2 protein chains.
Amino acid sequence: MTAPPSPLPDAPLPDDAELLRLDHQICFSLHAAARAFGGVYRDALKDLGLTYPQYLAMLVLWEEPDPQPVKAIGERLRLDSGTLSPLLKRLEAAGLVVRERSAEDERSVVVRVTDAGEELRERALPVPRRIVAASGLSLQDAFTLRGLLERLTENLDASQAGQAGER
Amino acid sequence: MTAPPSPLPDAPLPDDAELLRLDHQICFSLHAAARAFGGVYRDALKDLGLTYPQYLAMLVLWEEPDPQPVKAIGERLRLDSGTLSPLLKRLEAAGLVVRERSAEDERSVVVRVTDAGEELRERALPVPRRIVAASGLSLQDAFTLRGLLERLTENLDASQAGQAGER
DNA sequence: CACGATTGAGTTGTGCACAATTCAATGGGG
DNA sequence: CCCCATTGAATTGTGCACAACTCAATCGTG
């Protein structure tokens, strides 16, 4: 909401080149950090036979005892069916989940974790510890980072929404 | 929505479950932020006919007047030839760059920006401004974020390197 | 000089992300 | 009640990311 447009007309305005440079470095850093995270998760999850996005999907499913509709998983992970459908099919092929049409609404497909999927959960428990250790951030920094990232995402999403449909 | 687990200031003890939750939210946030960034760039770059990674590659090429070897671009972006080769081929097909074998080292391929590529640079100038605006972060926050991300990436990379080859 | 190791691009195969489309099930308004 | 807009999944097509591999050019050492 608070968008400081230009409080100081002749402020120590970082000139264009400076702004652009900073921007580039942030998108670079974010890109690099996301991929570095992916690499560490790749190593940590190799033994479990999961990819990072598959792991995220399993986390969502493990969170609740009841089967969850594909729609709900997509909203949680901010992914659409084009990404989730094949991913869930691979999880089903691995025997970790089953997908079945909902009885109440035949359009909906609910995903249930199998016994094998629950067993995998046990083996996945030590994973986050490894990641936290690898990140090397203090709790304080982690909180700061998470807060900034969430604010950033919120802003970016709002900006994009305003850009597209709009009313 | 997401109900913060324990807002009690009295029991901030980060037991395992707490740590794991935090970790998950950070990887979630990072993932989400990276994709939100991608979405905003997608909009901003649509008119230029560039994808976000293609834009990053062009930024590297625009930075220096001389043609740059594929190797150097890959080191700058932390991408390997498996990703860069097809990407650069698409940029070449779009007429923005040309790739030619280096005279000194026949193994190396250098990438040169064409006149059309230089013209595109002019049209790309306003893009970063839009991104900075969309991010809605103050300069202060942007610096903090960049610092945390770089430290995070460094730690993750180091951890992964120690994990893998190592003798 | 010769030969084996290394280097730099490229190719292949798998999986993620997203736009656009398809299709059946559902639900609301005339 | 019927038609039609909406919804939820899935499919198709493009592009990125990475591992594993191929192949030619280069380098180093005997």
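To find a chain, count down the sequence lines: A is the first, B the second, and so on, and within it residues start at 1. Model, not experiment: these values are computed from the prediction.
- Atom NZ in B/K46 sits roughly 13 Å away from atom C1' in C/dC18 (whole-Å rounding).
- Listed by chain and number, the residues in a salt bridge (charged side-chain N to carboxylate O under 4.0 Å, His left out) with A/R35 amount to none (sequence neighbours excluded).
- In this structure, B/T83 reaches the bases: a heavy-atom distance under 4.0 Å links it to at least one base atom across the strands shown.
- Rounded to a whole Å, the CG atom of A/L84 is 13 Å from the C1' atom of C/dG15.
- Under 4.0 angstrom from either OP1 or OP2 of C/dA9 there lies no side-chain N or O belonging to B/R99.
- For the side-chain hydrogen bond (donor to acceptor under 3.5 Å, both in side chains) test, no residue two or more places apart in sequence or in another chain qualifies with B/N155.
- Contacts classified as side chain to side chain donor-acceptor pair (under 3.5 Å) and involving residues 108-125 of chain B (residues at least two apart or in different chains) are given here: B/E100-B/R112.
- Every residue two or more places apart in sequence or in another chain that forms a salt bridge (charged side-chain N to carboxylate O under 4.0 Å, His left out) with B/E92 is listed here: B/R99.
- Here the side chains of A/Y41 and A/L50 are not in contact, with every heavy-atom distance at 4.5 Å or above.
- Remark: A/Q25 pairs with B/R146 by the side-chain hydrogen bond (donor to acceptor under 3.5 Å, both in side chains) rule, at least two apart or across chains.
- B/E154 pairs by the side-chain contact (heavy atoms from CB on, under 4.5 Å) definition with nothing, not counting sequence neighbours.
- Taking atom CG of B/L87 as the reference point, atom P of C/dG10 lies 12 Å away to the nearest angstrom.
- A search for salt bridge (charged side-chain N to carboxylate O under 4.0 Å, His left out) contacts involving B/D105 returns B/R107, not counting sequence neighbours.
- Following rounding to the nearest Å, A/Y52 (OH) and C/dA17 (C1') show an atom-to-atom distance of 14 Å.
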Evaluate ring-ring contact (aromatic ring centres under 6.0 Å, His included) for B/H31 paired with A/Y52, printing each intermediate quantity in order.
-> CA-CA 10 Å; B/H31 217 62; A/Y52 177 42; 5.1 Å; yes
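- Using a 4.0 Å heavy-atom distance criterion, A/K89 is classed as a sugar-phosphate-only contact.
- Here C/dC18 presents its C1' atom at 19 Å from OH of B/Y41, a figure rounded to the nearest Å.
- Atom P of nucleotide D/dA19 and atom CZ of A/R35 are separated by 11 Å, given to the nearest angstrom.
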Encode nucleotides 23-28 of chain C as B, S and - characters from 5' to 3', where the letter depends on protein heavy atoms closer than 4.0 Å: B to the base, S only to sugar-phosphate, - to neither.
-> --BS--
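- B/L88 has its CG atom 8 Å from the P atom of C/dG10, to the nearest Å.
- Within residues 60-81 of chain B, the residues approached by DNA chain C to less than 4.0 Å at the level of any non-hydrogen atom are B/P69, B/V70, B/K71, B/S81, in residue-number order.
- To the nearest angstrom, P of D/dG15 lies 17 Å from CG of B/L56.
- For B/S85, no side-chain nitrogen or oxygen approaches OP1 or OP2 of C/dT11 to under 4.0 Å.
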